[in-house]
S.K.: 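Structure below; questions to follow.
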Amino acid sequence: MQLIDGKAIAAEIKAEIAAEVKHIISGGGKQPHLAAVLVGHDGGSETYVRNKVIACEQCGFKSTLICFEADVTEAELLACVDRLNKDEDVDGFIVQLPLPKHIDEQKVIEAIDYRKDVDGFHPINVGRMAIGLPCFISATPLGILTLLKRYAIETSGKKCVVLGRSNIVGKPMAQLMMQKQFGDATVTVCHSHSPSLKEECQAADIIIAAIGSPDFVTENMVKEGAVVIDVGTTRIEDHTKKSGFRLNGDVKFDEVSPKSSFITPVPGGVGPMTICSLMKNTLAASKKEYYE
Ligand code: GUN
């Protein structure tokens with residue numbers, strides 16, 4: 001079994017980005033600028049956004065954090081999106097999800113200029129990704145592809161099972177693993193209403209678990225030598241921790257790891273890669289790599 005060290009790979013990539021940014025700036029180019037919009041005080045969202053701001057510093061980016069109280073109106077939030085769309089200094093921005101119930105999340109996503117949509121959530125980016133055109137790819141799936149590549153894990157012709165069908169992870173992950181220029185694998189998507197989920201997993205060479213159900217994937221669901229990618233990050237109360245909680249993956253790590261050829265831990269696996277993929281997308285936005 002080999003542990004996939006997402007924290008180390010993310011640090012490597014951020015150092016590569018920082019070196020490129022230094023080179024761009026010394027040549028008189030523009031410093032990349034990411035803005036993040038945070039609504040309310042959800043603990044998970046606050047931590048993610050704080051880590052995104054820290055990653056910007058590590059990469060030599062400028063960052064702007066815009067915070068609203070949970071009772072912000074949809075109109076106020078849309079006005080903020082409009083300002084960021086028009087701000088020529090901002091290369092890319094994200095609106096941290098989830099949003100409070102009174103705000104139409106999809107409306108906000110679609111209000112973002114797709115050329116600044118470094119989360120890759122706008123339907124134009126989602127559609128372009130689905131047909132293999134250059135675009136911003138959603139950060140978690142992009143991070144997983146990067147891990148597979150950096151560990152030289154063969155995916156072509158393999159049987160890949162994606163657990164979960166969210167717009168942020170499950171759906172784009174399945175699309176990318178299927179495509180010739182990325183995974184080139186045979187992909188099955190399973191979810192809460194898949195009767196043969198266990199059997200599909202047992203036959204899989206690669207399992208990507210993104211269902212948000214702690215310890216869901218157990219030893220008896222995994223083939224000997226399978227590659228196991230754990231996207232789960234459920235917060236579980238734990239008073240032995242300073243923060244009062246621990247992060248729990250979708251995979252029962254102690255049981256599954258001895259059977260797997262490669263496995264990502266939680267924390268320190270996929271999580272750090274999500275943030276560094278957002279940095280990659282922001283650099284690409286700043287260089288106008290996909291759109292003018
Ligand atoms: N909430 C959970 N993951 C993400 C993400 O990647 N981007 C945004 N904007 N919100 C999220």
Side-chain angles (χ1 to χ4, degrees), residues 4 6 42 44-45 48 96-99 101 104-106 109 119-123 125-127 129-132 137-145 147-148 153 155 157-179 182-223 226-236 247-253 255-257 259-260 262-267 269-271 273-274 277:
I4 298 180
D42 173 76
S45 293
Y48 284 132
Q96 187 67 26
L97 305 179
L99 292 171
K101 295 261 176 298
D104 182 342
E105 216 163 78
Q106 195 56 29
I109 290 170
D119 258 333
F121 293 168
H122 191 284
N125 283 311
V126 176
M129 182 273 295
I131 55 172
I137 294 175
S138 174
T140 299
L142 181 58
I144 293 169
L145 290 178
L147 282 181
L148 293 170
I153 294 169
T155 57
K158 302 293 182 190
K159 179 171 170 50
C160 173
V161 169
V162 176
L163 297 178
R165 54 180 161 181
S166 70
N167 289 345
I168 294 182
V169 187
K171 282 183 200 146
M173 195 71 243
Q175 289 276 1
L176 292 161
M177 287 306 286
M178 173 181 71
Q179 286 182 31
F182 296 109
D184 199 23
T186 303
V187 180
T188 304
V189 180
C190 293
H191 49 78
S192 52
H193 288 81
S194 302
S196 59
L197 183 148
K198 190 173 163 186
E199 291 74 19
E200 293 292 349
C201 286
Q202 285 166 339
D205 302 306
I206 303 165
I207 298 175
I208 302 176
I211 32 173
S213 180
D215 294 338
F216 182 86
V217 179
T218 48
E219 176 273 330
N220 61 341
M221 292 165 70
V222 179
K223 185 168 85 173
V227 174
V228 181
I229 307 292
D230 190 351
V231 188
T233 51
T234 307
R235 282 182 164 204
I236 308 271
L247 287 183
N248 205 124
D250 288 350
V251 177
K252 208 161 189 178
F253 185 87
E255 260 185 44
V256 172
S257 56
K259 269 186 117 173
S260 59
F262 291 90
I263 189 165
T264 60
V266 174
V270 173
M273 292 304 295
T274 297
S277 299

S.K.: For K259 and E219, indicate whether the former's side chain and the latter's backbone hold a donor-acceptor pair under 3.5 Å.
M.R.: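 Such a contact is found between K259 side chain and E219 backbone.
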S.K.: Restricting to non-hydrogen atoms, name the atom on A210 and the atom on V169 that form the minimum distance, rounded to 0.1 Å.
M.R.: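 It is CB-CG1, 3.7 Å.
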S.K.: Locate the shortest heavy-atom distance separating S45 from P98; write the atom from each residue and the value.
M.R.: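 Smallest heavy-atom distance, with atoms named: OG-CD, 4.1 Å.
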S.K.: So, do T234 and F216 sit near enough that their side-chain heavy atoms are less than 4.5 Å apart?
M.R.: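 SC-SC contact between T234 and F216 ruled out.
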S.K.: For G120 versus V126, what's the shortest heavy-atom pair and its separation?
M.R.: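 That closest heavy-atom pairing would be O-CG2, 3.7 Å.
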S.K.: Drop me the distance from I207's CD1 to C201's SG, to the nearest 0.5 angstrom.
M.R.: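 I207 CD1 to C201 SG: 4.5 Å, rounded to 0.5 Å.
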S.K.: How many angstroms lie between atom OG1 of T140 and atom CE of M273, to the nearest 0.5 angstrom?
M.R.: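 These two atoms lie 10.5 Å from each other.
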S.K.: How many angstroms lie between NZ in K171 and CZ in R165, if you round to the nearest 0.5 Å?
M.R.: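 These two atoms lie 8.0 Å from each other.
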S.K.: Taking S194 for the side chain and L197 for the main chain, is one N or O donor matched with an acceptor at less than 3.5 Å?
M.R.: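 It does not hold such a pair.
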S.K.: Mind checking the CZ-CG spacing from F121 to N167? Nearest 0.5 Å is all I need.
M.R.: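 CG of N167 is found 9.0 Å from CZ of F121.
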S.K.: Find out whether M178 and C160 are in side-chain contact, i.e. whether some heavy atom of one side chain is under 4.5 Å from a heavy atom of the other.
M.R.: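 The answer is no; the side chains never approach within 4.5 Å.
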S.K.: Working to the nearest 0.5 Å, report the span between CD of Q202 and OG of S196.
M.R.: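 So the CD of Q202 and the OG of S196 are separated by 10.5 Å.
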S.K.: Using the side chain to side chain contact (heavy atoms under 4.5 Å, CB included) criterion, which residues pair with T233? Sequence neighbours excluded.
M.R.: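 Once residues adjacent in sequence are excluded, the partners of T233 under the side chain to side chain contact (heavy atoms under 4.5 Å, CB included) criterion are Y48, L247.
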S.K.: Is the closest side-chain heavy-atom distance between I153 and I4 below 4.5 Å?
M.R.: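 In short, these two side chains touch, coming nearer than 4.5 Å.
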S.K.: What I'd like to find out is whether the side chain of K223 reaches to under 4.5 Å of the side chain of D205, using heavy atoms alone.
M.R.: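 Yes - at least one pair of side-chain heavy atoms lies under 4.5 Å apart.
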S.K.: If the condition is side chain to side chain contact (heavy atoms under 4.5 Å, CB included), which residues does D184 pass it with, not counting sequence neighbours?
M.R.: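 So D184 forms a side chain to side chain contact (heavy atoms under 4.5 Å, CB included) with S156, K180.
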S.K.: Side-chain contact test, heavy atoms from C-beta onward, threshold under 4.5 Å: evaluate it for M177 versus I206 and give yes or no.
M.R.: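 Yes, at least one pair of side-chain atoms sits under 4.5 Å.
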S.K.: Is E105 reaching over with its side chain to a backbone N or O of L99, donor-acceptor style, under 3.5 angstrom?
M.R.: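 Yes: the side chain of E105 pairs with the backbone of L99.
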S.K.: Give a yes or no on whether the backbone of M129 and the side-chain of Q179 come within a donor-acceptor separation of less than 3.5 Å.
M.R.: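 Yes, Q179 side chain to M129 backbone: donor-acceptor pair under 3.5 Å.
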S.K.: Output all residues satisfying side chain to side chain contact (heavy atoms under 4.5 Å, CB included) with D230, sequence neighbours left out; order by chain, then residue number.
M.R.: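 By the side chain to side chain contact (heavy atoms under 4.5 Å, CB included) rule, D230 matches D250, V251, T264, V266.
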S.K.: How long is the span from the OG atom in S166 to the CD1 atom in I211, to the nearest 0.5 Å?
M.R.: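 S166 atom OG to I211 atom CD1 measures 11.0 Å (nearest 0.5 Å).
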S.K.: Test D119 against L97 for side chain to side chain contact (heavy atoms under 4.5 Å, CB included), laying out the working first.
M.R.: CA-CA 11 Å; D119 258 333; L97 305 179; 6.0 Å; no
S.K.: Side-chain contact, heavy-atom cut-off 4.5 Å: I144 with L176?
M.R.: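 Result no, sub-4.5 Å side-chain heavy-atom pair not found.
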S.K.: If we only count heavy atoms from C-beta on, is the E200 to L163 side-chain gap below 4.5 Å?
M.R.: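 No; the side chains remain at least 4.5 Å from each other.
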S.K.: For the residue pair P172 and I137, establish whether any side-chain heavy-atom pair is separated by less than 4.5 Å.
M.R.: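 No; the side chains remain at least 4.5 Å from each other.
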S.K.: If you take all heavy atoms of I168 and S138, which pair is closest and at what distance?
M.R.: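 Residues I168 and S138, closest heavy atoms: O-OG, 2.9 Å.
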S.K.: Can you name the closest pair of heavy atoms from S257 and S260 and give their distance?
M.R.: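 Closest pair (atom of S257, atom of S260, distance): O-OG, 2.9 Å.
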